[in-house]
Structure formats: structure tokens, C-alpha cells
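To start, the structure under review is shown below, and the notes come after it.
By convention in this document, chain letters (A, B, ...) are assigned in the order of the sequence lines, proteins followed by strands, and residues within each chain are numbered from 1.
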There are 2 protein chains.
Amino acid sequence: MSKYKKVKLKHIAEQAGVSINTVSHALNDKSDISEKTKERIRKIAKNLGYIPDAVAGSMRKGSTKTIGVIIPDIMDPLMSIWVKDIETKLRQNGYNIFVINTDENYALEEKALVLALSKKVDGIILCPCQKDDKDIIFLKKKRINFVLLGRRFNHIKTDYVVADDLKGGYLATKHLLDQGRKRILLLNGHSYISSAQERYRGYTEALKEKKQKIDNSLVYEIANTSGNSMQAIKKILGKKIKFDGIFAFSDLMAWEVIAFLQEIGFKIPEDVEVVGYDNIQSRFYFPYSLTTVNYPKRTAAHKAVDILLKKIANPDSQQYFQEIIDTNLFIRKQQNNYDPDYLEEH
Amino acid sequence: MSKYKKVKLKHIAEQAGVSINTVSHALNDKSDISEKTKERIRKIAKNLGYIPDAVAGSMRKGSTKTIGVIIPDIMDPLMSIWVKDIETKLRQNGYNIFVINTDENYALEEKALVLALSKKVDGIILCPCQKDDKDIIFLKKKRINFVLLGRRFNHIKTDYVVADDLKGGYLATKHLLDQGRKRILLLNGHSYISSAQERYRGYTEALKEKKQKIDNSLVYEIANTSGNSMQAIKKILGKKIKFDGIFAFSDLMAWEVIAFLQEIGFKIPEDVEVVGYDNIQSRFYFPYSLTTVNYPKRTAAHKAVDILLKKIANPDSQQYFQEIIDTNLFIRKQQNNYDPDYLEEH
DNA sequence: AATAATAACATTAACGTTAATGTTATTATT
DNA sequence: AATAATAACATTAACGTTAATGTTATTATT
């Protein structure tokens, strides 16, 4: 890409009067080169502005020190928190990340995986869209090192790190019931997503416990992207379906419905009480108090990294690592003002 | 990374009874292989689950078809919009992206650049932290293909795409003045960031036009991360400095100060009117109306890609491409309710 | 003093692919 | 009918590095 002549090991070797291998070993601090020579070679390398060719190195070494991170949506704050934490943790371990978006699109997910494999990543952290599972089966068959994050498959044994969404769904619903709410709208993710499935189970369990019937006209499945929750609420209101509580799939959805309901005249939380999910703590995003299901997101990302590194270090192990991160309810007084607790959280 | 035996061109060649080169040419759809042979080889490749080794291919071809995207903060919505648009546009052109965060940290920026160059990216899109410029000079000297996005250097000639921040700063300040605001707080980014510099210039120009003196106790420079604008406001209030308008460096800052000021009893916009920057349109983030400086962010990202692709296609050209994207003021009635216009925008 | 061990290098081969040539049979050209 | 051109492959070399050996002088060991 550059007209500037590329500096290679060869050039350093010529200047130092040693072999290319000696330069390589010196720069990689191998033990079979004298400290004097190493120092001399390092200086020449620096002088010439040598930048190692990782592509060539990777080919020879058979490892890229790169992990593929494949996620549905980098613009979702939850995902960007994950990505940042994964990047930081992996960097500490000498790895880089290669992030690919799938837009919750299975075809793109397949392409993303092939791209990552083609780029010879040493492992993959994947939050699957779950519209299909062929690609996961393919990964297993190929014995690729991968860890699922945030979502898992019931019928495929893999490594994964997920939140305890069953408990999360139960706690959120129970909280609304305890507050005296009678008709709780579940604004859920699509049912092929495991976390949505489990939250639904938690929702039904809490209702059953209070001897309430499950009314499926109160259960909606939508994609977690901007505008959808508002559209859903519009539809529900259009059908004259009554509700006095909402359990939303994400803080983002919760936020959107609160804003929309307020706009059209509802009092929040008096008329409708809302519980979110994920406890996205960035002050930027949620200046208003929102009761939400909380879990250590950073821990989740770090555990996924730990598991992946373990698998890479021990490729012959048949062991599966499956982590279910505990969830709890983060109760905030729901009102239109700033949450002073945010600094203390986490 | 896998115990599963890797499928190489060699294996396809053996099964097809042709040479490795023929397989390579067939799969790359070169013209010197008969359609019949191509079809046969494609089938065998598919059967064996062949995934091309991009590392080996890149080494031989001298091109990775990957662009390094180096940005200060993937969690900033502006940046994640950019990244997504860049990814989409580059994908259409057969390129992938390699995203690296710098956390507005110059040392990390240098490392990110070396990493990208080491990984042999075909070009770089960079939003520099601007705490130093040595790395930019290095890129120029090495004749690396790169385009700056969002920020530029006054004293270094490079390709860039920036917003018209001078105009943006002027429009925002003028708007506040026109609304009768007398003491306008500039909550700016750090002055080594070009966009902050230019907005400051716009701010002063608008003040001068109205014959107002520039009061530097009203100008604050902070990093665009969560919590900082609140801290700044606290300090300012502590110093008993009065203000009735705020021009913030980002919608995020604007948002944070609005929430904080409301919390401590200010009426917005009656007591303090706030103007933001970037017009982050995601319904998720800003359910409340905010007047803000707007510009086509998508266009900016796309232009950066276009410029980079032009430079890659034409490496011998000495031409510089410098785009200043026009800014305008997006006026919204500032009130605590939902902005119904958001769907129509853009 | 003879042999073994080690330090500090050099040489060779290989990673998997593709560009640059080379070869041969077939077809086109005059 | 002789030659040129072309189609469809094969062979060879190269991308830049590092692992696996090889070599030689020096030092340690008995």
C-alpha cells in the first residue's frame, strides 16, 4: 500500500551483519541470542522503523493472536460495553479482537463466521442471532474454539456465559405484581432468542405464583431496535388492550416506552410502571430512574474471555464451561428526575 | 486451533486430480480454467467445507482487503454510527474493517496504528485524539493510505472529512443569543481537538457579532465521557458563576447537564437553555427534544470511505481530499416530552 | 588432556496461497 | 499444410516470517 520501501527483517540483518533468523530471534527475545546482539539489533530495527509483518508471522506460527467477536449490534450499549471489556481483557493477554456485526441476520452471521475463520482467528466470542443453529453445529464439528455470550442453545452443548434470565424475568414480574400491578405487558425479544425464552418462563412463573392466569395478548415479541417498542405500544393501545405494568426486554425498550407513554398522556409510574433489563449505567443514556434487572455485565464479558483462553490453552480438553451469571433487581424510585445513585453503583 | 484437519487447496486438488494452482484459479474464477472444471472444483470445495486461508492469501497478494478503523471510543454513539456505516459501505466494496479503540489516549493510538500496520491493513480511517501529532507525521512519511474523520490538523496536510464546526459553533451560539440568553456557557471538548477549537471560534464570532465580550470563565474544556459535564457544572455552580445558556460539545453532554440541572431544581429551558451537537437521532438515547447542531453523519462516514478507496485505487496520486460537511441547526422545542419528529428526520 | 556441554550464531525448510511462467493439445489463420 | 494463436491446464517461485536443525568456538567436566 505504500511507495515507501517496506523494512523487512532482511534489511535489519544486512545492516547488523547477521542472519535473518538471528534478527527474528533477537526481536522476539529468544534465549539463544546474546544480549549484546539483541540490543544492537533492536536499535537498528527502531532506527529503520521496522514494523513486524503479522500476516507472515501468523502464517508461520499458525496463530494470529486475534479473537473474532461476532455480535448482533454494535450500537446496542450492552454490546458496546461487552466489546470494550472483551477488548481490554484480551489486550492484557496479548490478543486483539476482530469485531463483526450481524444485524441479527443469520446470513450475515454465517458470513461473519466464515470471515473470522478465513482470517484465522484463534477463537470466537459469539452472541448468536439464533434464527438458525447450523453455523453453531458447524463450529462444533470443526472443533473451533468458541464461547457464546448472552445467549445459548438448549439442544446444543457449547461453552457459554449467560445471565440468569429465568430469575431475572421472575424478579421483574414479581416486583410489578408486588407493586399491585395486575396486567403486566411483556415486551419481549423474539422467542427464538434464549434469553427471551427464559425471561418469558420467569414471567409466567411469577404470575402462576400469584395465581394469575397468563394472558398471551399481553406478550409481545419485537426486535430490540429503535422504534419497535413504540410501534408495539401503538398496536396494543389500538387493540384497546389494558395494562398497568410493563416488563421490557431491555432498558432501551423501557426507556422508549416510558417516553412514548408520557408523550401521549400517561403518568409514569402512576398509570403504568415499567421495569427494564440490563441496567445500562451510562449516565448518558439513562438520566431517569428506571428499575431494572441487573447483573455484572463486565464479569460476564470477562468470564467469556477466561473460558475462551482456557480452551485455547487446552485444546484437547472435552470440558464445557457454562456460566450463568446471577441476576438481581435494581430497584429505583421511578420518577422523572436524575438518579443520584448511579455513581455508587457497580 | 482445531484438531479437525484443515482443508487446504491441496486436498481439493488431490480429489479433483488437478494441480493446486488450478484449484486456486478455479475458486477465484480466473479465465484460464474451463467452466466444467470450475464447477467440479467448486463442488468438491463445498463438500470438503473449504474455507480459504486469508492469511496466506494476503501474504502472497500483498493486500488484506481490510481497513483499520481507529477511534477514541466505541461507546460514544457518534462513533458507533460511524463504525457501522463505514463497515456497511466497505463491505459493499469487498473490504472488512478492523476496529481499534484508543480511549482518547495517545499512547494507545500509537499502538493501535502499529497494530493496524502490522496486520497489513490496506488503509486507515482515523479519528485522532490529537494530543500529539507524531503518529500522523509518521503515517504521512510512510505514505500510508489514511483519512482523518471528524478531526483534522491545521499544520499537517492530510485527507480528511470533518463537519463545519466553525459554522456549527456559530449557529448554536447565535441561536442561544437570539433566544435572549446573555451568559452562555461553552462546555467544550479539549482545545487540542480541532472540532473543539473551531466551535470555540464559532462561539466567539457569534458573541462578537452581538457585541458581547468573551468571558473565559464561561468556557470549559472537558472530555466527552460520562460524568464529566455534571462535574463541570458542579464546579461552575460552586464558583457562583451565572449562566442562562449552555452550548455543549455533544448531545451526550447536553443530555447529562439537562438531567443534572433539572435534578437540582433548575427549570429547563426557562432557567437555562441548552444546545447540543451531532443530533444523535437514535430514539433510544434521546427521548427528549434537544436543539442541536446537525450534519449528515452517514454522509461523513461514507465520504471518508470514498476518499480512502480512491487513494487505494490511485496510490501514486499526490492529491489531497478534504471535505467539510455542512452543519445546520436542528431546532426542537426544548421540553420534557417526546420528540415526534424523530421518525421524519434525516 | 580429552570429551561433553553450552553459547551464539547460521542454514534450511515450511506455513498456504497466488503470480509468473511453462507445456501441450486443439483450433484458427494464411 | 505449415504456422500462429489460444484454451486449459501444470510447474515453479515467491510473499516474510519462524521452527527445526546445523555449525563452530568456547567453556565446563572428569
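The NZ atom of A:K10 sits 17 Å away from the C1' atom of C:dA10 (whole-angstrom rounding). Between the CD1 atom of A:I41 and the P atom of C:dA8 there is a distance of 13 Å, given to the nearest Å. Protein atom NZ of A:K6 is 17 Å distant from nucleotide atom P of D:dA14, rounded to whole Å. We find that CD of B:E35 is positioned 14 Å from P of D:dA7, with the value rounded to whole Å. In this structure, the CD1 atom of B:I33 is 6 Å from the P atom of D:dC9, given to the nearest Å. One can place CD of A:E39 at 17 Å from C1' of C:dA8, the figure rounded to the nearest angstrom. Atom NZ in B:K30 sits roughly 16 Å away from atom P in D:dA10 (whole-Å rounding). B:L27 places its CG atom 10 Å from the P atom of C:dT17, with the value rounded to the nearest Å.
Applying the Watson-Crick and G-U wobble criteria (two distances, each under 3.5 Å), D:dG16 pairs with C:dC15. Nucleotide C:dT26 forms a pair with D:dA5, judged by Watson-Crick or G-U wobble geometry with both contacts under 3.5 Å.
Proximity of a side-chain donor or acceptor of B:D122 to a complementary backbone N or O of B:T64 within less than 3.5 Å is detected.
Look at A:D29 and A:R42 and you find a salt bridge, because one of the NZ, NE, NH1 or NH2 atoms lies within 4.0 Å of a carboxylate O, short of that distance. Salt bridge A:D85/A:K297: absent, no basic N to carboxylate O contact under 4.0 Å.
Of the side-chain N and O atoms in B:S24, one or more sit less than 4.0 angstrom from OP1 or OP2 of C:dT18. Under 4.0 angstrom from either OP1 or OP2 of D:dG16 there lies no side-chain N or O belonging to A:Y50.
Within 4.0 Å (heavy atoms only), A:S19 reaches at least one base atom of the nucleic acid. Among the atoms of the strands shown, only primed sugar atoms or phosphate atoms (P, OP1, OP2) are found under 4.0 Å from some heavy atom of B:S34. At the heavy-atom level, A:V18 lies under 4.0 Å from the strands shown only through sugar-phosphate atoms. Heavy atoms of A:D32 sit under 4.0 angstrom from at least one base atom.
Ring geometry for B:Y192 versus B:H190: interplanar angle under 30°, hence parallel rather than tilted (30 to 60°).
Within a 6.0 Å radius of NZ in A:K140, more than 12 heavy atoms belonging to other residues, nucleotides or ligands are found. Other residues, nucleotides and ligands contribute at most 12 non-hydrogen atoms within 6.0 Å of the NZ atom of B:K303.
Comparing B:H25 and A:R40, the nucleotide of DNA chain C nearest to each residue sits closer to the 5' end for A:R40. Annotation: of the two residues near DNA chain D, B:T37 and A:L9, the 5′-most nearest-nucleotide partner is B:T37.
Side-chain N/O atoms of B:R60 and base N/O atoms of C:dT18 include a donor-acceptor pair closer than 3.5 Å. The base of D:dT17 has none of its N or O atoms less than 3.5 Å from a complementary donor or acceptor on the side chain of A:N21.
The side chain of A:I20 lies closest to D:dT18 when the candidates are D:dC9, C:dG16, D:dT18. Listed nucleotides D:dA19, C:dT17, C:dG16 differ in distance to A:M59; the shortest reach to its side chain belongs to C:dG16.
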